[in-house]
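Numbering starts at 1 and runs along the sequence shown.
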Amino acid sequence: MTKKSKQSKALPIHILNGPNLNLLGTREPEVYGHTTLAQVEKMCAAQAATWGLSIVFRQSNHEGEIVDFIQEARTGASAVLINPAGYGHTSIAILDAIQMLKIPVIEVHLSNIHRREPYRHHSYVSKGATGIVMGLGAQGYLRAIDAVADILKGSK
């Protein structure tokens, strides 16, 4: 699959966002940027479309709901992009759900977690992820979509 080719039968990419990302653009913009989550969703939909892919975009402040979203992706998604936010550093439940997936999983962080507070340096989600994109702000989501498209192309 090349960029701009159409892939009408592909399942959507599920893009999952963790706690406090609903406040993106206003919460600590010096760390997370000024782009809102609604803007990120539009950017992701446009980027996926260039690859002939679609997205399902979700956000929750509740760990169990994120686990539910991941479980839905088992049969309803071609890949998962997840910005676990604070749950990346604490949630074994989210890691367990991700490890059940048999599809690509890309972990996304707006900031470089290794340049931040020591407790943020570890991510449980990373253990289950195919790859990680961090420190690129909202652009990281777009790079993650490109990575997923390349991975899916290789699996065809």
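The structure places NZ of Lys102 at 13.0 Å from OG1 of Thr75, a figure rounded to the nearest 0.5 Å. If you take NZ on Lys127 and CD1 on Ile92, they are separated by 11.0 Å, rounding to the nearest 0.5 Å. Atom CG of Leu16 is separated from atom CG of Leu21 by 11.5 Å, given to the nearest 0.5 angstrom. Separating the CG atom in Leu101 from the OG1 atom in Thr130 is a distance of 9.0 Å, to the nearest 0.5 Å. To the nearest 0.5 angstrom, Ser60 atom OG is 9.0 Å from Asp68 atom CG. Taking CD1 of Ile103 as the start and NE2 of His14 as the end, the distance is 7.5 Å to the nearest 0.5 Å.
The two atoms that bring Cys44 and Ile55 nearest to each other are CB-CD1, 3.9 Å, heavy atoms only. The two residues Leu81 and Tyr141 have their closest heavy-atom pair at CD2-O, 3.8 Å. Between Leu95 and Gly128, the shortest heavy-atom distance links the atoms CD1-N, 3.5 Å. Taking all atoms of both residues into account, the shortest heavy-atom contact from Pro84 to Val108 is CD-O, 3.9 Å. Scanning both residues, Pro12 and Val56, for their nearest heavy atoms gives CG-CG2, 3.8 Å. Looking at every heavy atom in both residues, His34 comes nearest to Gln39 through O-OE1, 4.0 Å.
Partner of Ile106 under the side chain to side chain contact (heavy atoms under 4.5 Å, CB included) criterion, chosen from Ile151, Val80, Ile82: Ile151.
Few gaps surround CZ on Arg27; more than 12 heavy atoms of other groups in view lie less than 6.0 Å from it.
With hydrophobic clusters built from ILVMFWY side chains whose heavy atoms lie under 4.5 angstrom apart, Phe69 shares a cluster with Ile94. Ile113 and Tyr124 fall into different hydrophobic clusters, where Ile, Leu, Val, Met, Phe, Trp and Tyr side chains are chained together by heavy-atom contacts under 4.5 Å. One hydrophobic cluster, built from ILVMFWY side chains closer than 4.5 Å, cannot hold both Ile13 and Val105; they sit in different ones. Placement of Ile145 and Val125 in two distinct hydrophobic clusters is found when ILVMFWY residues are connected by side-chain heavy-atom separations under 4.5 Å, directly or transitively. A chain of hydrophobic side-chain contacts below 4.5 Å, direct or via other Ile, Leu, Val, Met, Phe, Trp or Tyr residues, connects Phe57 to Leu152.
With hydrogens and angles ignored, the 3.5 Å screen pairs a side-chain donor or acceptor of Tyr87 with a backbone N or O of Glu63. Proximity of a side-chain donor or acceptor of Gln139 to a complementary backbone N or O of Leu136 within less than 3.5 Å is not detected. The closest donor-acceptor contact from the side chain of Asn83 to the backbone of His109 lies at 3.5 Å or more, if one exists at all. Remark: side-chain polar atoms of Gln59 are paired, donor with acceptor, to backbone N or O of Gly18 under 3.5 angstrom.
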Requested in this report: Evaluate the side chain to side chain contact (heavy atoms under 4.5 Å, CB included) criterion for residues Trp51 and Asp150: first the C-alpha distance (whole Å), next the side-chain angles of each, then the deciding distance (0.1 Å), finally the verdict.
Outcome: CA-CA 9 Å; Trp51 290 99; Asp150 282 342; 3.8 Å; yes
Requested in this report: Under the side chain to side chain contact (heavy atoms under 4.5 Å, CB included) rule, what do Met134 and His114 come out as? Steps first, then yes or no, please.
Outcome: CA-CA 9 Å; Met134 72 171 82; His114 299 292; 3.8 Å; yes
Report task. Walk me through it: do Glu41 and Leu37 pass the test side chain to side chain contact (heavy atoms under 4.5 Å, CB included)? Result -> CA-CA 6 Å; Glu41 181 177 6; Leu37 195 60; 6.0 Å; no
Requested in this report: Show the numbers, then the answer: is there a side chain to side chain contact (heavy atoms under 4.5 Å, CB included) between Leu24 and Asn17?
Outcome: CA-CA 11 Å; Leu24 195 58; Asn17 296 278; over 6 Å; no
